[in-house]
Amino acid sequence: MCLGIPGRVIEIEKNVAKVDLGGISRDVSLDLCPDVSVGEYVLIHTGFAIQKVDEKEAEETLELLKQMAEAI
Amino acid sequence: MKFIDEFRDKEIAEGLIQRIHRTSTRPIQLMEVCGTHTVSIFRYGIRGILPEQIRLISGPGCPVCVTPNQDIDLAIALSRQKDIIIVTFGDMMRVPGSTSSLQKEKAEGRDIRIIYSSLEALDIAKQHPEKRLVFLAIGFETTSPTIAVAILRAKEEKLHNLFVLNSQKRVPPALVALLQSQRVKIDGFILPGHVSTIIGTNPYQFIAKQFGRPAVVTGFEPVDILQGIWMLVKQIEENRAVVEIQYRRIVREEGNPIALRKIDEVFDRDESRWRGLGLIPDTGYRFKESYREMDVRNFDVEVEAPKEHPDCLCGEVLQGIRSPSECRLFKKVCHPENPVGPCMVSIEGTCHTYYKFS
């Protein structure tokens with residue numbers, strides 16, 4: 001029940017964002033995550049954005065793991 | 001999809017598997033608290049690629065599964081009232097209560113509707129002012145703020161026909177109960193990524209400080225889970241116990257303060273009854289005074305006495321004490337088409353996952 005998927009914000013009107021989920025667009029509430037801009041990614045749970053995706057953290061994690069994999 | 005595909009990278013996963021094998025020297029049991037983790041662990045065959053001495057056990061992290069029969073029976077009794085529409089998240093439909101289920105009641109003609117988002121409950125309430133709408137509020141902290149938003153909006157919009165059967169649960173105090181019971185040996189926790197998106201890491205500090213166990217907030221893709229396991233193994237081998245975040249792209253130490261405030265506006269903390277674990281202090285919510293008129297527990301409705309199948313092991317499966325294969329009903333009487341207990345109903349239930357992948 002705690003499923004969440006990341007989607008890219010393509011439009012914002014008041015507190016509703018249109019979000020692209022791998023080609024499907026869906027309206028999500030920004031009540032719980034109001035501070036987002038078009039182009040950013042949010043985590044979506046039951047029709048609500050519940051957190052912004054931190055792209056920098058994602059890149060850093062992947063970079064670190066790639067280096068670890070190569071070092072073996 | 002971005003932020004999903006990269007975390008399924010084969011080379012990175014192989015690197016982590018090797019690290020885990022090289023680091024691990026002692027037999028340990030790690031509990032994945034969340035049902036979504038259990039599904040991913042089985043889907044990607046993670047149990048089979050870990051060193052033999054690392055055992056993963058599934059925890060109580062499936063809101064549908066831990067909802068006690070009393071609450072399901074209450075929902076069923078309410079659905080039989082002529083002026084009531086029940087709205088629920090889909091997973092609850094097939095969960096057997098003491099003698100019926102919402103799905104059976106729907107087939108009998110009761111007005112029971114599935115919603116995807118709590119906000120749909122408001123729309124249905126507006127469309128049917130002549131009816132009382134009862135929203136089955138099931139879920140952990142991931143879902144609770146979305147339920148709180150719906151309640152706050154109903155109040156703002158002066159919707160007087162929306163009521164709530166509140167059966168929400170809070171995860172951290174349930175882990176206290178699991179650790180205190182000592183019925184299962186847990187050397188470390190794979191903590192739920194999306195519950196933690198809301199609550200952050202502070203509510204888990206007791207795991208390390210009081211119980212001396214490591215815990216890692218972990219994402220749901222295979223690379224996430226392998227990295228989470230590796231971080232736990234490393235802590236255990238280094239005799240450390242802290243709460244760490246693997247799922248850094250989503251989870252912050254402080255969680256989501258806006259979402260936490262929404263919950264606090266509507267609810268106070270309270271004890272709550274869990275299937276299998278019983279009444280646990282602090283694991284639920286009660287309505288604050290100004291929202292109490294929305295509580296269906298004020299309704300005068302007769303509910304049958306709860307009873308459970310005597311052979312169903314769901315309660316012990318939820319605590320990690322027994323595995324589904326130890327249950328005499330598993331795969332024989334109890335299967336996804338004819339679930340005896342909720343752990344076989346929910347797609348995140350441990351029995352359902354074992355059935356599907358083993």
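Note that the coordinates shown come from a computational prediction; the quantities given were computed from them, not determined experimentally.
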Under the side chain to side chain contact (heavy atoms under 4.5 Å, CB included) test against Leu32(A), which residue among Ile198(B), Leu260(B), Val149(B) passes?
Val149(B)
List in chain and number order the residues that pass disulfide (SG to SG under 2.5 Å) with Cys62(B), two or more places apart in sequence or in another chain; answer none if no residue qualifies.
Cys65(B)
Verdict with supporting geometry, Phe3(B) and Ile5(A), side chain to side chain contact (heavy atoms under 4.5 Å, CB included):
CA-CA 9 Å; Phe3(B) 301 115; Ile5(A) 32 168; over 6 Å; no
Using non-hydrogen atoms and a 4.5 Å limit, figure out which bit of Val195(B) sits close to chain A: side chain, backbone, both or neither.
side chain
Side chain proximity check, Leu3(A) to Phe220(B), heavy atoms < 4.5 angstrom:
no
Check every N and O of chain A against chain B and note each donor-acceptor pair under 3.5 Å, with its distance.
residue: Met1(A); atom: N; partner: Glu348(B); partner atom: OE1; Å: 2.2
residue: Met1(A); atom: N; partner: Glu348(B); partner atom: OE2; Å: 3.1
residue: Cys2(A); atom: O; partner: His194(B); partner atom: ND1; Å: 2.8
residue: Gly4(A); atom: N; partner: His194(B); partner atom: ND1; Å: 3.4
residue: Asp31(A); atom: OD1; partner: Arg153(B); partner atom: NH2; Å: 2.6
residue: Leu32(A); atom: O; partner: Asn256(B); partner atom: ND2; Å: 2.9
residue: His45(A); atom: NE2; partner: Thr143(B); partner atom: OG1; Å: 2.9
residue: Thr46(A); atom: O; partner: Ser117(B); partner atom: OG; Å: 3.3
residue: Gly47(A); atom: N; partner: Tyr116(B); partner atom: OH; Å: 3.2
residue: Ile50(A); atom: O; partner: Asn256(B); partner atom: ND2; Å: 2.7
residue: Lys52(A); atom: O; partner: Arg252(B); partner atom: NH2; Å: 2.6
residue: Asp54(A); atom: N; partner: Arg249(B); partner atom: O; Å: 2.8
residue: Met68(A); atom: O; partner: Arg19(B); partner atom: NH2; Å: 3.0

Could you tell me which portion of Val223(B) (side chain, backbone, both or neither) has an atom closer than 4.5 angstrom to a non-hydrogen atom of chain A?
side chain
Out of Val64(B), Leu119(B), Leu152(B), return the one with the most heavy atom pairs under 4.5 angstrom to chain A.
Leu119(B)
Would you say Ile4(B) and Pro6(A) make side-chain contact, with heavy atoms under 4.5 Å?
yes
Enter the distance from Ile12(B):CD1 to Leu64(A):CG here, rounded to the nearest 0.5 Å.
9.5 Å
Chain A contact via Leu16(B) - which portion, at a heavy-atom distance below 4.5 Å:
side chain
Turns out that what part of Ile115(B) lies under 4.5 Å from chain A's heavy atoms comes down to neither
